[in-house]
Amino acid sequence: HMSSTNPLFFDSNTQFSLDLRSFFPSIQWSKWDYAWKRVLESIDNIESGKIVNQTSVKEESENRCVDHYNLRHHKEIVPQKSLQKSIAYWKEIQVKIGKITSGEAKNEFGDEYTDVVFNGIGGSFLGPLMMIVFMHGDSYNFNSGLGVRIHFLSNSDADTLSALLAKINVKTSILINMSKSGSTAETKGNMDAFNANLKQQKLDIGHHNIAITTPGSNFDKFAQENKYMHIFYMNNETGGRTSVGSAIGAVPAAVAGIDFEAFLRGQSAMDELTRRRDPQQNPAMLMAAAIQTLTLKEGRKNMIVLGYSDYLKEFAHYLQQLYMESIGKEYDVNGTPNPEGLTVFGGVGTGEQHAFMQQVQKGFPDCFVRFVHFQKRGSDVSLSGPGSMGRQLLAFVKGTEQALQDNGKSFMTCTFEKRDMFNLGMMIALEERIVTILAALRNLNAYDQPGVQDGKLAATEVNKISNTIEGVLEQKLSDKNWKFEGTAEQARTSFILPKDSNLRYVEAILNDIVSNVDVPHAYPKLHKRLSASKSFKEEEFHFTLRSEINSKL
């Protein structure tokens with residue numbers, strides 16, 4: 001327990017400790033009474049199932065409750081949601097996935113499956129990847145004794161997908177698609193391309209697909225119609241960036257032979273600590289108070305997260321979405337413009353120290369540092385000088401802390417007992433609660449993401465213009481003498497595009513056609529029919545498009 005004079009927090013049951021020595025003197029607890037009341041009210045509202053994902057800006061409000069805490073709560077406060085319910089569902093998943101990894105489940109030809117590809121983006125990608133790397137390292141296919149090889153698809157990247165399809169045997173592979181609605185463009189695009197490859201090889205897509213989605217979604221219906229191997233469900237109230245405690249995390253854990261029950265119990269244990277009403281006995285409140293105090297005193301700071309284990313390679317990456325999508329908001333819950341955010345970056349110490357610690361220690365003071373490491377090592381290696389490699393790592397952690405202290409820089413250190421799934425559950429639950437508390441302190445809705453939606457809508461408009469241009473060019477090419485020379489603005493007029501079509505989009509699409517029209521599948525209606533080139537003059541691009549036949553003549 002932490003006291004008003006001691007900057008160290010320690011929980012004897014879990015062996016978790018928190019060091020806030022560089023923050024502690026500036027936290028004036030007597031001034032926080034009203035803020036803590038608001039924080040506790042926020043925690044209670046979330047866990048009791050009230051609608052909290054809402055703001056007064058209607059177009060940005062999702063108007064739903066948030067249930068990730070309930071999925072690991074010891075009590076069933078919200079019907080059908082509790083730690084025991086989640087463990088029971090995990091065991092169902094474990095049995096079904098176990099038949100795939102053991103070789104009991106076969107494809108339509110009676111062959112065992114050899115490869116599983118996880119297809120998701122955002123939390124559906126970052127959570128499973130972080131978990132698997134945390135337990136098996138980033139060489140998980142070589143040193144973990146898995147029953148199948150594991151791969152990930154996230155981005156819309158034709159090169160990545162092509163390389164994957166060339167590497168695996170699709171006939172003995174399964175694509176696990178993770179999407180609440182099934183409409184997420186990147187995930188749907190990867191699934192459609194994978195399934196097109198299956199059909200090309202005359203394979204049944206049902207034998208090679210699994211869905212993780214919400215009940216009754218369009219994706220759920222599609223998966224049922226196409227007889228997907230399994231359909232695992234998550235709740236609509238579970239946000240993507242907090243979904244690792246749902247089927248989004250459970251299914252990958254089952255594939256990778258990871259103890260997901262221990263993860264859930266670790267989350268639940270940390271929730272007990274961060275549910276405490278006394279802020280000085282609540283590690284999440286302590287850390288949020290430290291961050292908020294520094295913010296009020298010195299302005300917005302970036303948060304650098306250094307994990308002192310190679311197995312924490314994806315931890316900071318995971319936290320980027322958790323914090324930046326939750327805290328990065330334009331409006332507060334009352335609809336008042338109030339731009340907020342907390343920029344996160346980091347990686348593995350000590351390697352990342354060589355990347356940016358010079359600036360942190362001696363340069364512009366735009367950040368604070370967080371250290372994460374484990375007390376107990378799984379192994380050690382003798383090393384002259386420090387005595388062992390583990391002791392050298394400890395020296396780097398403590399030495400860097402002291403250097404920051406001497407240079408007047410802010411840092412905090414979380415020490416977990418050891419690297420296992422229970423402690424990973426604690427780590428993630430702690431960060432989730434810090435986000436909840438910071439959002440309450442700043443009067444934000446932590447659970448919507450209107451900025452992400454803005455990008456999706458803009459991308460849809462780009463695709464619409466792109467398809468229109470391709471269609472127009474297809475018609476133009478019926479005339480072997482057709483030729484166009486001009487700028488994007490002239491193309492907008494010549495191709496009879498709507499006058500309000502974004503010229504930046506038109507120019508980008510024409511540039512893309514010039515570069516990729518000869519690439520198979522990029523522009524199928526134009527491939528081997530269109531000759532395209534460009535030049536840059538008078539501060540803008542000029543395009544030349546003509547019939548391939550005309551070009552050769």
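Remember, predicted model here, so these are calculated numbers, not experimental data.
Sorted by first then second residue, the salt bridge (Lys or Arg N to Asp or Glu O under 4.0 Å) pairs that include residues 314-328, not counting sequence neighbours, are Arg241-Glu325. For residues 326-340, the set of pairs meeting the salt bridge (Lys or Arg N to Asp or Glu O under 4.0 Å) definition, not counting sequence neighbours, comprises Arg300-Glu340, Lys329-Asp448, Glu340-Arg442. Listed by first then second residue, pairs satisfying ring-ring contact (aromatic ring centres under 6.0 Å, His included) with a partner in residues 288-329 read Tyr308-Phe371, not counting sequence neighbours. Screening residues 262-298 for ring-ring contact (aromatic ring centres under 6.0 Å, His included) gives Phe260-Phe263 as the qualifying pairs, with residues at least two apart or on separate chains. The salt bridge (Lys or Arg N to Asp or Glu O under 4.0 Å) contacts involving residues 130-144 comprise Asp138-Lys313, where partners must be two or more places apart or lie in separate chains. Pairs of residues two or more places apart, or lying in two chains, that qualify as ring-ring contact (aromatic ring centres under 6.0 Å, His included) and include a residue from residues 416-445 are Phe16-Phe416.
Scanning for side-chain contact (heavy atoms from CB on, under 4.5 Å) contacts around Ala439 gives Ile327, Leu444, Ala446, with sequence neighbours left out. Partners of Ser246 according to the side chain to side chain donor-acceptor pair (under 3.5 Å) rule, which considers only residues two or more places apart in sequence or in another chain, do not exist here. The salt bridge (charged side-chain N to carboxylate O under 4.0 Å, His left out) search around Asp33 returns none, not counting sequence neighbours. Remark: Gln358 pairs with Lys362 by the side-chain contact (heavy atoms from CB on, under 4.5 Å) rule, at least two apart or across chains. Scored by the side chain to side chain donor-acceptor pair (under 3.5 Å) test, Thr214 finds no partners at all (sequence neighbours excluded). Under the side chain to side chain donor-acceptor pair (under 3.5 Å) criterion, Ser124 pairs with no residue, sequence neighbours left out.
Checked for salt-bridge contact, Glu272 and Arg275 meet the test: a charged N lies under 4.0 Å from a carboxylate O. Contact check on Asp19 versus Arg21 returns a salt bridge, with a Lys/Arg side-chain nitrogen under 4.0 Å from an Asp/Glu carboxylate oxygen. Between Arg504 and Glu461, none of the side-chain N atoms (NZ, or NE/NH1/NH2) sits under 4.0 Å from a carboxylate O, so this pair counts as no salt bridge.
Ser243 contributes no side-chain N or O that, together with a main-chain N or O of Ile248, makes up a donor-acceptor pair within less than 3.5 Å.
The side chain to side chain donor-acceptor pair (under 3.5 Å) with Lys81 is formed by just one residue from the set Asp67, Thr238, Asn70; it is Asp67.
A side-chain donor from one of Gln353 and Thr400 sits under 3.5 Å from a side-chain acceptor of the other. Side-chain contact, Tyr233 with Asp220: a donor N or O sits under 3.5 Å from an acceptor N or O.
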From CA spacing to verdict: ring pair (Phe, Tyr, Trp, His ring centres under 6.0 Å), His68, Tyr447: CA-CA 11 Å; His68 56 280; Tyr447 304 109; 5.8 Å; yes
